Amino acid sequence: MTEFASRVKAIDISGIRKMFESAAPGSINMGLGQPDFDTPENIKNAAVKAIAEGKTGYTNNAGIDELRAAVARKLKTENGLSYEAADILITAGGSGALHAAIFSLVENGQKVVFNNPGFVSYGSLATLAGGIPDPVALKPDLHLDVEALKEHFSDKNTKVMVLNSPANPTGAVETKETIKAVVESAADYGVTVLSDEVYEKFCYGDTEFVSAGTFGDNVVTINAASKTYAMTGWRIGFMAASREIIDQAVKIQQYSLACPTSIAQYAALEAYTGDQSSIGVMKKEYEARRNLLIGGLREMGISVDMPEGAFYAFPKLEPDTVMKIVAAGVIITPGAAFGSKGVGYARMSYATSQENIRIALDRIRTVVK
Ligand code: PLP
């Protein structure tokens, strides 16, 4: 029998995929964090053009210069962050940026702090990098507990915190005050904050998005074209950081990936510099779906907070109810897939049509009535 490396044996396959694999045919899929919109035409055309023009070879390890410059401009004008093109590493999605950042910064035995429940990758990447995942429970309102975080920062073994707002799986968006307090308190203890901003464009009502990097230079900004432009399969993201961090991270990328796909980089260049109207269209539709879903769940007596961003609802549902809902033909993800503190919840993605959401609500009603 093949003996595998302990770092890979120590992690498990994501519980999200498992639910998907066990679903009955004809199920409504509210399980995946994948926009159901198609990539906008202008972006697809840019990829076709790149192929026609033969832009199909390796690029610089850090990505094409035009895209790095475009991302730096985006960060300046939209996020109030001062980066130059050389401070940007183009990666294979937000996942590639998380990988490069965590592998660059985390030494064996150092802790990576993140919220629990939280996005599945943070803990597993920490483990793969030889670090120690250190999940910190969210408050009962599913927002960050700044006091608890401070305690974890004060542990001299803590190297990195991953901050994720708008958050997966809760849909919570942190206030400016909370983000400022987290960044400043991390700085007090020499902790680097990786700010995962992949859902930045999807904040609803008067909820405001703010980039953590505006509150200190101990922040690495991570984002992706994936959710913003419905480009999950193109695999383009980025990290923005001080030059010394980028110099290390590019080595990780060079030896794991060489470079992100050239064609997808030209498509992303069009995404970040071309017509931005598709974002508003998607946001408006997500917001309508959110209202439909939350209204429907509450009407059945299911307790659920109003998500302020991303495209997930995180209602209180016990594990056996989750299983019954999946058996009734609606794929949702048990909260336990996002950490121990997610037990008693489930994540429902509303990146699916209003028609599908109505059918899903009807099916759920048969389970909980
Ligand atoms: N960060 C969060 C919070 C996510 O939810 C996801 C994907 O679901 C990612 C990062 C990874 O995104 P990408 O597809 O760009 O790798």
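Predicted model, so just to flag it, every value in this text is computed and none were measured.
Every pair passing salt bridge (charged side-chain N to carboxylate O under 4.0 Å, His left out) that includes a residue from residues 150-168 is listed here, sequence neighbours excluded: Lys111-Asp155, Glu147-Lys150. Within the structure, every pair that satisfies the salt bridge (charged side-chain N to carboxylate O under 4.0 Å, His left out) test and touches residues 353-364, not counting sequence neighbours, is listed here: Asp362-Arg365. Listed by first then second residue, pairs satisfying salt bridge (charged side-chain N to carboxylate O under 4.0 Å, His left out) with a partner in residues 31-47 read Asp36-Arg289, Asp38-Lys44, Glu41-Lys44, not counting sequence neighbours. Contacts classified as salt bridge (charged side-chain N to carboxylate O under 4.0 Å, His left out) and involving residues 54-73 (residues at least two apart or in different chains) are given here: Glu53-Lys55. For residues 312-325, the set of pairs meeting the side-chain hydrogen bond (donor to acceptor under 3.5 Å, both in side chains) definition, not counting sequence neighbours, comprises Tyr199-Tyr312.
Interatomic distance, CZ of Phe311 versus CZ of Arg290, reported as 14.5 Å (0.5 Å rounding). To the nearest 0.5 Å, the span separating CG on Leu105 from OG1 on Thr192 amounts to 5.5 Å. Once rounded to the nearest 0.5 Å, the distance linking CD1 of Ile364 with CD1 of Ile359 reads 12.0 Å. Within the model, atoms NE2 of His99 and OG1 of Thr91 stand 11.0 Å from one another, a figure rounded to the nearest 0.5 Å.
The hydrophobic cluster of Met1 has no other members, since no ILVMFWY side-chain heavy atom comes under 4.5 Å of it. Residue Ile263 belongs to a hydrophobic cluster whose other members are Ile51, with links defined by side-chain heavy atoms closer than 4.5 Å. Grouped with Val8 in one hydrophobic cluster are Phe4, the linkage being side-chain heavy-atom contacts under 4.5 Å among Ile, Leu, Val, Met, Phe, Trp and Tyr residues.
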(request) Evaluate the criterion side-chain contact (heavy atoms from CB on, under 4.5 Å) for residue pair Thr175 and Lys180; output intermediate values, then yes/no. (result) CA-CA 9 Å; Thr175 63; Lys180 183 167 186 283; over 6 Å; no
Mind listing the side-chain donor-acceptor pairs of residues 205-215 below 3.5 Å, one per line with the distance, residues two or more places apart or on another chain?
{"unit_1": "Thr207", "atom_1": "OG1", "unit_2": "Tyr204", "atom_2": "O", "d": "2.8"}
{"unit_1": "Ser211", "atom_1": "OG", "unit_2": "Asn79", "atom_2": "ND2", "d": "3.0"}
{"unit_1": "Ser211", "atom_1": "OG", "unit_2": "Glu197", "atom_2": "OE1", "d": "2.8"}
{"unit_1": "Thr214", "atom_1": "OG1", "unit_2": "Ser211", "atom_2": "O", "d": "2.7"}

What pairs of donor and acceptor atoms, side-chain ones from residues 112-123 against any protein atom, are under 3.5 angstrom apart with sequence neighbours left out?
{"unit_1": "Asn115", "atom_1": "ND2", "unit_2": "Pro117", "atom_2": "O", "d": "3.0"}
{"unit_1": "Asn116", "atom_1": "OD1", "unit_2": "Lys341", "atom_2": "N", "d": "3.3"}
{"unit_1": "Asn116", "atom_1": "ND2", "unit_2": "Ser340", "atom_2": "OG", "d": "3.3"}
{"unit_1": "Tyr122", "atom_1": "OH", "unit_2": "Asp196", "atom_2": "OD2", "d": "2.6"}

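Every residue two or more places apart in sequence or in another chain that forms a side-chain contact (heavy atoms from CB on, under 4.5 Å) with Ser154 is listed here: Tyr189. Checked against side-chain contact (heavy atoms from CB on, under 4.5 Å), Thr127 has the following partners two or more places apart in sequence or in another chain: Ala10, Ile11, Pro133.
Met30 and Val367 fall within a single hydrophobic cluster, where Ile, Leu, Val, Met, Phe, Trp and Tyr are joined by side-chain heavy atoms under 4.5 Å apart, directly or via other members. Linking Ile, Leu, Val, Met, Phe, Trp and Tyr whenever their side-chain heavy atoms come within less than 4.5 Å puts Met300 and Ile325 in one cluster.
Salt-bridge formation is detected for the pair Arg243/Asp87: a Lys NZ or Arg NE/NH1/NH2 atom is positioned less than 4.0 Å from an Asp or Glu carboxylate oxygen. Here Glu200 pairs with Lys74 in a salt bridge; the nearest charged N to carboxylate O distance falls below 4.0 Å.
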